[in-house]
Each structure stands twice: as C-alpha cells, then as structure tokens.
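A quick note: this is a predicted structure, and the numbers were derived from the prediction, not measured.
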Amino acid sequence: MTQKERYEAAKEMYAKLGVDTDAAIAKLKEIPVSLHCWQGDDVIGFDHDGPLTGGIQTTGNYPGKAKTPEELMQDIDEVLALTPGKKKLNLHACYAIFEDGEFVDRDKIEPKHFAKWVEFAKARNMGIDFNPTFFSHDKVKDGLTLSSPDEETRRFWIEHGKACIRISEYFAKETGVPCVMNIWTGDGAKDIPADRLGPRERYKSAIEEIIAEPHDSKLVKPCVESKVFGIGVESYTVGSAEFALSFAATHEGCLPLMDNGHYHPTEVVSDKIPALLAFFPEIALHITRPVRWDSDHVVLFDDETREMAKEIVRCGAIDRVNMALDYFDASINRISAWTVGFRSWQKALLSALCSPDEDLRKLQDAADWTELMVRQEQMKMMPFGDVWEEYCVQCGTSADAWFDEVMRYETEVLAKRA
Ligand code: RNT
Ligand code: ZN
C-alpha cells in the first residue's frame, strides 16, 4: 500500500467512529506551539559567561552546541525544517544580541537587542514569546531575586522585568502576534526558612510592579510559573503552586503557567488543566518530561503528554491554552532532542483531535463506565500512525526519515564547531 492508500484506509476506520481525520489535520496546522530556543545551547544565552543557576540543571556535554546567535539560529532553522506544525519562537532575555564590544545589563536591555530575533521570526512567520531571565547572573543574591530582602537586588530584577514587558510589546507589535511573557524565578531556600511569608510578600509586590509597566494587554500576556523545588533550593520555593495560582487569580490579565515538571510526582497537570479552565479565560503551559524530578527530559508521546493534549482539545480550549515546550537535554544530539520533543507534542495534539469526544462524554454522563472503558481502549489500537504520516507529508516533512538529516547535519555542521 502507498502512504496515501494507508491514510485513506485509516480515515475510513476513524470515520466509522465519527472522527473526521481531515478536519483534525487541518485544525492542528493552525495551533501555535512555542518552540524554546534554549534546547540549542543548554540554557546559556549570550549575555554572560557563567554557569546555569537558579535550581535548574542540564546534564551531559554532547558536542556541537550553539555558541553564537548565528549558530543557534541555524540550528533552529534545522528544527523548523524537521518538524510539522505552526510555531512561535520562545526566547529568554539572556539571548539578547549585542553589537561587538557592547554589553548591557539585564535591567537596561531594550528592544533593539532583540531586533535580529524579530527579523528572524518575521521571515519565518512566527510570533515570539518571552521570558525575563532571573537566573545565571551575579545579581542573584543568596538565591533570591524578586523576593530578596536587599532593596538594590530587588530593584535590579524589577527593572529587568519591566524592560521585558517593553520588549514583549515590541515583539507583539513587530510580529502581529501577542507575546506571552512568563515570569519564573528560582527564588527559595536550601534549608528550613524562618520566614516563609516575607519573601512571598516581596515577590508579590515585585511582580505587581513589573506588570504595572504600561502595556497593551491584548499584546502582552504576563504569566507566573510556579515550582515545587529546585536543585539547591529544596526546602522552600517562594513562587509555589498556591502562590502563583493565587497571584494570577487576583491580578487581571495575568495567566497562571503550569510546567508539568513542577509538581509532586503523583500530581498530574492533565487534571489541573480543566480545573484552571473553570476559572481562567486563558492559561499557559510548559510541556516537559519530569523523570523523578524536574529533570526536563525530552518530551515523548507518552501517557501523560497525551492526556494533557486530550484535556486541552476536549475542553474546547485550544485557543485558551498557550502551549510552550520547556526541556533541555545536553546528553544527546540537541537537534534530535528538540525535534523529538516538538513532534511528540504534535502527535499528542493530533491524537487528541482524532478522538470521538462527544460520544465518550455521553457515555460518561449516562454513567456507562463499562462501555466508556471499552471505547477508550479501542481508540488506542486505531491506525493513528497513518494519520500522523499524512499530517507530516502535508506539512512538507516526513514521518520518520528526518533522522538521516539530523545525522547529516551533525557531521557537516555540528561536528565542525569549536
Ligand atoms: C525552571 C522553569 C523555567 C525554565 C526556563 C528556562 O524550572 O521550568 O521555565 O525551565 O525558563
Ligand atoms: Zn518551565
């Protein structure tokens, strides 16, 4: 059978269950997913020489990581060519591009330091999402930034956040696509604190100052990302789940951002998505793969990834959930890591779009849990691979031949890097 014949056969099987695979494919082509630039260089950026800090860690030293803006852009282009689907570009402030000999600290960065990224994104028809970088910097004092008791430290980071609001608005105006600006800090304590409220009160008013920076709320969507703990920050996290959720709930225009690596291991973000959708007009996600902790392994087409996509789709919330990838593996070929992760989320979305949700919901409402179980199990055996292949072909990529290209790129480009 040819690929087309296999797709036609699959389409017919799905149609018998009331699923229109052509419509699912067409829909997925419109869903923007934010591709994080930081898989390409192990979350380093271009504005400092020091190590990655803030309680996050990359492990591994696979050769060929991008060390300059040109290399990173070249690598992103490679990933764009290898992945189907609509993308936004997700940048961190530490990826500012300075002129030769120029250095501007994070409290003073300006839109012009991201002009090259705007040019890059526009030429590829992508919107841009943004993140102030509250880590890997010598102004992180005793593990704290926005919640620091030291006035000068806090001020520096508030100014950084405000500068990032201005840059986010610039991105939105230039690209014509709203910019999601995510605030995450690794602020916390390694050991048992004496004061858990003080840092949270300072964090709260600092974020309030940042989002008070004048901006058009249709163009800039500030988010707060929570976390349970970080490496070296095991006992106390200022921006905990309750803190971030309460902040977003009480501040108009501020979105809660859930990273599925940031909860206790038995909690699942798939269940939290509909809980938040009952209250927030929009939410944001960082899609990752936690292995025992917030390890940021490459996203796979695994059960929880699929479950998260299912919730977004069956809640009818595709337009209300801002989806971004967030993982960084330095132990394998980074282009392959990036590609596998992006493709996995695409697969999860496509498979969610190929589910007979209305029928399944009716079974639940009729309390027919017997048939519901049978139908849900039946869906797992459907010829989804043929639908996926058709989607890839329609998007001008291949379902599995992409890896040969990664290997060519490794030999001809990555291996030649210093
Ligand atoms: C860290 C958070 C945060 C970062 C990125 C680089 O635990 O997940 O989102 O991974 O901003
Ligand atoms: Zn995250």
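Remark: Arg166 is not positioned above the aromatic ring of Tyr170, lacking an NZ or CZ atom under 6.0 angstrom from the ring centre and at most 45 degrees off the axis.
Every ring pair (Phe, Tyr, Trp, His ring centres under 6.0 Å) that His137 has, sequence neighbours left out, goes to Phe156, Trp157.
Between Glu159 and Arg155 there is a salt bridge, with a side-chain nitrogen of the basic residue lying less than 4.0 Å from a carboxylate oxygen of the acidic one. Lys116 and Glu119 are not joined by a salt bridge, as no carboxylate oxygen comes within less than 4.0 angstrom of a charged side-chain nitrogen. Salt bridge present: Glu169 and Lys173 bring a charged side-chain N and a carboxylate O closer than 4.0 Å. Salt bridge Glu30/Lys27: present, at least one basic N to carboxylate O contact under 4.0 Å. Salt bridge annotation for Glu307-Lys310: present, with a cationic side-chain nitrogen under 4.0 angstrom from a carboxylate oxygen. Taking 4.0 Å as the cut-off between side-chain N and carboxylate O, Asp47 and Arg106 count as a salt-bridged pair. Between Lys67 and Glu71 there is no salt bridge, since none of the side-chain N atoms of the basic residue sits less than 4.0 Å from a carboxylate O of the acidic one. Taking a cutoff of 4.0 Å between a charged side-chain nitrogen and a carboxylate oxygen, Arg314 and Asp357 do not qualify as a salt bridge.
Taking both residues in full, the closest heavy atoms of Phe403 and Ser336 are given as CE1-OG, 3.9 Å, listed atom of the first, atom of the second, then distance. Nearest heavy-atom pair across Ser148 and Arg154 is O-NH1, 2.9 Å.
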Could you pull out every donor-acceptor pair under 3.5 Å between side chains of residues 10-20 and any protein atom, sequence neighbours left out?
| residue | atom | partner | partner atom | Å |
| --- | --- | --- | --- | --- |
| Lys11 | NZ | Asp22 | OD2 | 2.6 |
| Asp20 | OD1 | Asp22 | N | 3.1 |
| Asp20 | OD1 | Ala23 | N | 3.0 |

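Proximity of Tyr7 to Val387: side-chain heavy atoms (C-beta onward) are separated by under 4.5 Å at one or more points. When side chains are defined from C-beta on, Glu110 does not count as touching Val104, because their heavy atoms never get closer than 4.5 Å. The shortest distance between side-chain heavy atoms of Ile273 and Leu285 falls below 4.5 Å. Inter-residue side-chain proximity for Cys179 and Ile128 is flagged as unmet; no heavy-atom pair is nearer than 4.5 Å. No side-chain heavy atom of Phe98 sits less than 4.5 Å from a side-chain heavy atom of Phe46. With contacts defined as side-chain heavy-atom distances shorter than 4.5 Å, the pair Asn260/Pro290 qualifies. Ser34 places none of its side-chain heavy atoms less than 4.5 Å from the side chain of Asn322. Gln376 is listed as a side-chain neighbour of Leu372, based on a closest heavy-atom distance under 4.5 Å.
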### Query
Could you go step by step and tell me if Tyr203 and Phe247 meet the ring-ring contact (aromatic ring centres under 6.0 Å, His included) rule?
CA-CA 10 Å; Tyr203 197 26; Phe247 187 94; 8.0 Å; no
### Message
Please determine whether ring-ring contact (aromatic ring centres under 6.0 Å, His included) holds for the pair His297 and Tyr327, giving the CA-CA distance in whole Å, both sets of side-chain angles, and the decisive distance to 0.1 Å.
### Response
CA-CA 6 Å; His297 279 61; Tyr327 53 84; over 10 Å; no
### Task
Kindly indicate, with the supporting measurements, whether the criterion side-chain hydrogen bond (donor to acceptor under 3.5 Å, both in side chains) is fulfilled by Tyr62 and Asp329.
CA-CA 9 Å; Tyr62 201 87; Asp329 194 334; over 6 Å; no
### Query
salt bridge (charged side-chain N to carboxylate O under 4.0 Å, His left out) between Lys204 and Glu201: does it pass, once the steps are laid out?
CA-CA 5 Å; Lys204 175 172 177 261; Glu201 285 177 336; over 6 Å; no
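Taking CG of Leu325 as the reference point, atom CZ of Phe342 lies at 6.5 Å (rounded to 0.5 Å). Atoms CG and OH, from Leu72 and Tyr95 in turn, are 6.5 Å apart once rounded to the nearest 0.5 Å.
Screening Lys416, Glu410, Arg417 for a side-chain contact (heavy atoms from CB on, under 4.5 Å) involving Val413 leaves a single residue, Arg417. With respect to Asp326, the side chain to side chain donor-acceptor pair (under 3.5 Å) criterion is satisfied by exactly one of His262, His286, His36: His286.
Sorted by first and then second residue, the salt bridge (Lys or Arg N to Asp or Glu O under 4.0 Å) pairs with a member in residues 334-344 read Asp42-Arg334; sequence neighbours excluded.
Between the side chains of Tyr409 and Asn333, no donor-acceptor pair is found at a separation under 3.5 Å. Using a 3.5 Å distance cut-off with no hydrogens or angles, the side chains of Glu390 and Gln394 do pair a donor with an acceptor.
Between Phe135 and Trp184, the distance separating the two ring centers is shorter than 6.0 angstrom.
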